[in-house]
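What you see below is based on every heavy atom in this structure, not just the backbone, and it leaves out hydrogens, waters and symmetry mates. No experiment lies behind these values; they were computed from the predicted model shown.
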Amino acid sequence: LVLALGLNEGSGSSAVDASGNGLDASLVNGPSWVPGRYGAGLDFDGVNDHLVVADADPIDLTDTFTIAAWVQPDRTTGWQTVAMKSTVNGLAYGLYGSGFFGDGPTLFVNSGGADYDAEANTVLTTGTWQHLAVTVDGTTARFYINGNPAGSAPIGGAAVTSSQPLYIGGNAVWDYENYQGLIDEIQIYDRALTPTEITTVKDTPVAVDETPPTVPGSLVATGGVERVDLSWDASTDDSGVDRYEVHRSTEPDFAPSASTLIDTVTDTTFGDEGLATGSYTYRVIARDLSGNGSDPSEPATAESLADQPPTISIVAPVDGVEVSGVVALEVDA
């Protein structure tokens, strides 16, 4: 999760990002606070209202991502911006609630100067709340309306990155692409969510989650030749565990930090390969969808062994014993 705007403030000129990335949005030209799908939401006038999220690395999406929001359009014709990451004179990626001629929701991706688009097979309905989502897995865009599949199409390339803002409900590039209607619960992920996850997002209001996952339990480190293999018990979290951060040190009782982080994984196992001979200690931290981190696991230590061939020694006969034809060998594996 890279951006989550629940729009539950109900007043004011900003909306707090609940993803943990601190990407708060500013209201521009006064979209009105109204009752939303969950809590409060915003009413866009279709003229010049929009939200602005300043450029940041997490929202520079490329080949895999998901954009989701609750929408209640007042019209279903014309380009209506739901969320768009802009470039200087265009877009990097953008989800529209409708196309110019009254088409269904449409996704645009600018890949190295070439624009690719994908369109849903269902047109949104005016005057009623609908959950709109699109996922991109690197090759295909898939649309969902109210959690149900609403068409798919190939996407020809990864989105370019830019230093320009993310816009919601309109944009400052094309003034005829302003959304008219209500928007609530905007969420963006840097991977393609599964259909089950789309349903969870649809049914779960955005909230500022401050509860970390439980500590990864029973961390076990097993040494091998130029490697150490790890396993641990899965953590739990009220909003779902998103990833595990694996930390390594040569100190037996270290505190995890940015300098000790060696990888981020989604499984509860990890193979640390290409290690020099020596002793290594590991700790694992779980993070949830909002970026909250658990306390570190208890440390686990193992030896990485050198890659050496077996040794062979010849055992000499005992004094006074004649040996004919066979020499005893002991092989140390």
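- A 4.5 Å side-chain heavy-atom check between Lys85 and Asp55 finds at least one atom pair inside the cut-off.
- Across all non-hydrogen atoms, the minimal contact from Pro35 to Leu182 is O-CD1, 4.5 Å.
- Counting only heavy atoms from C-beta outward, the side chains of Leu132 and Pro105 approach each other to under 4.5 Å.
- Hydrophobic clustering (ILVMFWY, side-chain heavy atoms < 4.5 Å, transitive): Leu166 and Leu95 are in one cluster.
- Expressed to the nearest 0.5 Å, how far CG of Asp229 lies from OG1 of Thr269 amounts to 8.5 Å.
- Distance check, rounded to the nearest 0.5 Å: CG of Leu7 to CD1 of Ile168 gives 7.5 Å.
- One hydrophobic cluster, built from ILVMFWY side chains closer than 4.5 Å, holds both Tyr38 and Val34.
- Rounded to the nearest 0.5 Å, atoms CD1 (Ile183) and CD (Gln80) are 8.5 Å apart.
- The cluster map of Ile, Leu, Val, Met, Phe, Trp and Tyr, joined by side-chain heavy atoms under 4.5 Å apart, puts Ile262 and Val265 in the same cluster.
- A donor-acceptor pair under 3.5 Å is formed between the side chain of Asp184 and the backbone N or O of Arg37.
- Of all heavy-atom pairs spanning Ala159 and Ala92, the tightest one is CB-O, 3.4 Å.
- No side-chain N or O of Thr135 forms a donor-acceptor pair with one of Thr66 less than 3.5 Å apart.
- Counting heavy atoms from C-beta outward, Leu1 and Gln187 have side chains that approach closer than 4.5 Å.
- Judged by distance alone, with hydrogens and angles left aside, the side-chain atoms of Asn29 form a donor-acceptor pair with the main-chain N or O of Asn48 at under 3.5 Å.
- Residues Val173 and Tyr176 share a single hydrophobic cluster, defined by chaining ILVMFWY side chains whose heavy atoms lie under 4.5 Å apart.
- The shortest non-hydrogen separation linking Arg227 to Glu273 is NH1-OE2, 2.9 Å.
- Residue-environment remark: CG (Asp253) stays at or below the threshold of 12 foreign heavy atoms within 6.0 Å.
- Checked by atom type, the side-chain pair Ser19/Asp17 shows a donor-acceptor distance below 3.5 Å.
- Residues that satisfy the ring pair (Phe, Tyr, Trp, His ring centres under 6.0 Å) test with Tyr167, not counting sequence neighbours, are His50.
- Between the CZ atom of Phe143 and the CG atom of Asn148 there is a distance of 15.0 Å, given to the nearest 0.5 Å.
- Between Val201 and Ile198, the closest side-chain pair of non-hydrogen atoms is not below 4.5 Å.
- With contacts defined as side-chain heavy-atom distances shorter than 4.5 Å, the pair Asp272/Arg248 qualifies.
- Neither Val160 nor Met84 shares a network with the other; the hydrophobic side chains, linked directly or stepwise wherever heavy atoms of I, L, V, M, F, W or Y lie under 4.5 Å apart, form separate groups for each.
- Val136 has its side chain out of reach of Tyr93: every pair of non-hydrogen atoms, C-beta onward, lies at least 4.5 Å apart.
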Open item on the list: Before you tell me yes or no, could you show the steps for Thr196 and Thr194 under side-chain hydrogen bond (donor to acceptor under 3.5 Å, both in side chains), namely the whole-Å CA-CA distance, both residues' side-chain angles and the distance that decides it to 0.1 Å?
Closed with: CA-CA 5 Å; Thr196 299; Thr194 66; 4.7 Å; no
- [ ] Would you please test Thr126 and Asp74 for side-chain contact (heavy atoms from CB on, under 4.5 Å) and show each step?
- [x] CA-CA 5 Å; Thr126 59; Asp74 290 341; 6.0 Å; no
Open item on the list: Let's go through Trp79 and Phe108 carefully: what are the C-alpha distance in whole Å and the side-chain angles of both, what is the deciding distance for ring-ring contact (aromatic ring centres under 6.0 Å, His included) to 0.1 Å, and is it a yes or a no?
Closed with: CA-CA 11 Å; Trp79 299 115; Phe108 277 92; 5.4 Å; yes
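- Leu42 and Pro31 make their closest contact through CD2-O, 3.9 Å (heavy atoms, listed as atom of the first residue, atom of the second, distance).
- Pro73 places a side-chain heavy atom less than 4.5 Å from the side chain of Gln130.
- Distance check, rounded to the nearest 0.5 Å: OH of Tyr179 to CG of Asp45 gives 12.5 Å.
- Between the side chains of Ser218 and Asp233, at least one donor-acceptor pair of N or O atoms lies under 3.5 Å.
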Open item on the list: Working note: Asp137 + Phe65, criterion side-chain contact (heavy atoms from CB on, under 4.5 Å); need CA distance, chi angles, decisive distance, verdict.
Closed with: CA-CA 7 Å; Asp137 63 7; Phe65 57 87; over 6 Å; no
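- The side-chain heavy atoms of Thr81 and Phe44, taken from C-beta on, include no pair separated by under 4.5 Å.
- Nearest heavy-atom pair, Gly12 versus Leu27, reported as atom, atom and distance to 0.1 Å: O-CD2, 3.7 Å.
- Partner of Tyr244 under the ring pair (Phe, Tyr, Trp, His ring centres under 6.0 Å) criterion, out of Tyr282, Phe270, Trp232: Trp232 alone.
- The shortest non-hydrogen separation linking Glu226 to Ser304 is CA-OG, 3.3 Å.
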TODO: Could you please spell out the steps behind the side-chain contact (heavy atoms from CB on, under 4.5 Å) verdict for Thr250 and Tyr280?
DONE: CA-CA 5 Å; Thr250 55; Tyr280 297 91; 4.1 Å; yes
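- Atom CG of Asp263 sits about 10.5 Å away from atom CD of Glu245, to the nearest 0.5 Å.
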TODO: Take Thr62 and Thr161, measure what side-chain contact (heavy atoms from CB on, under 4.5 Å) needs, and give me the verdict at the end.
DONE: CA-CA 7 Å; Thr62 54; Thr161 60; 4.0 Å; yes
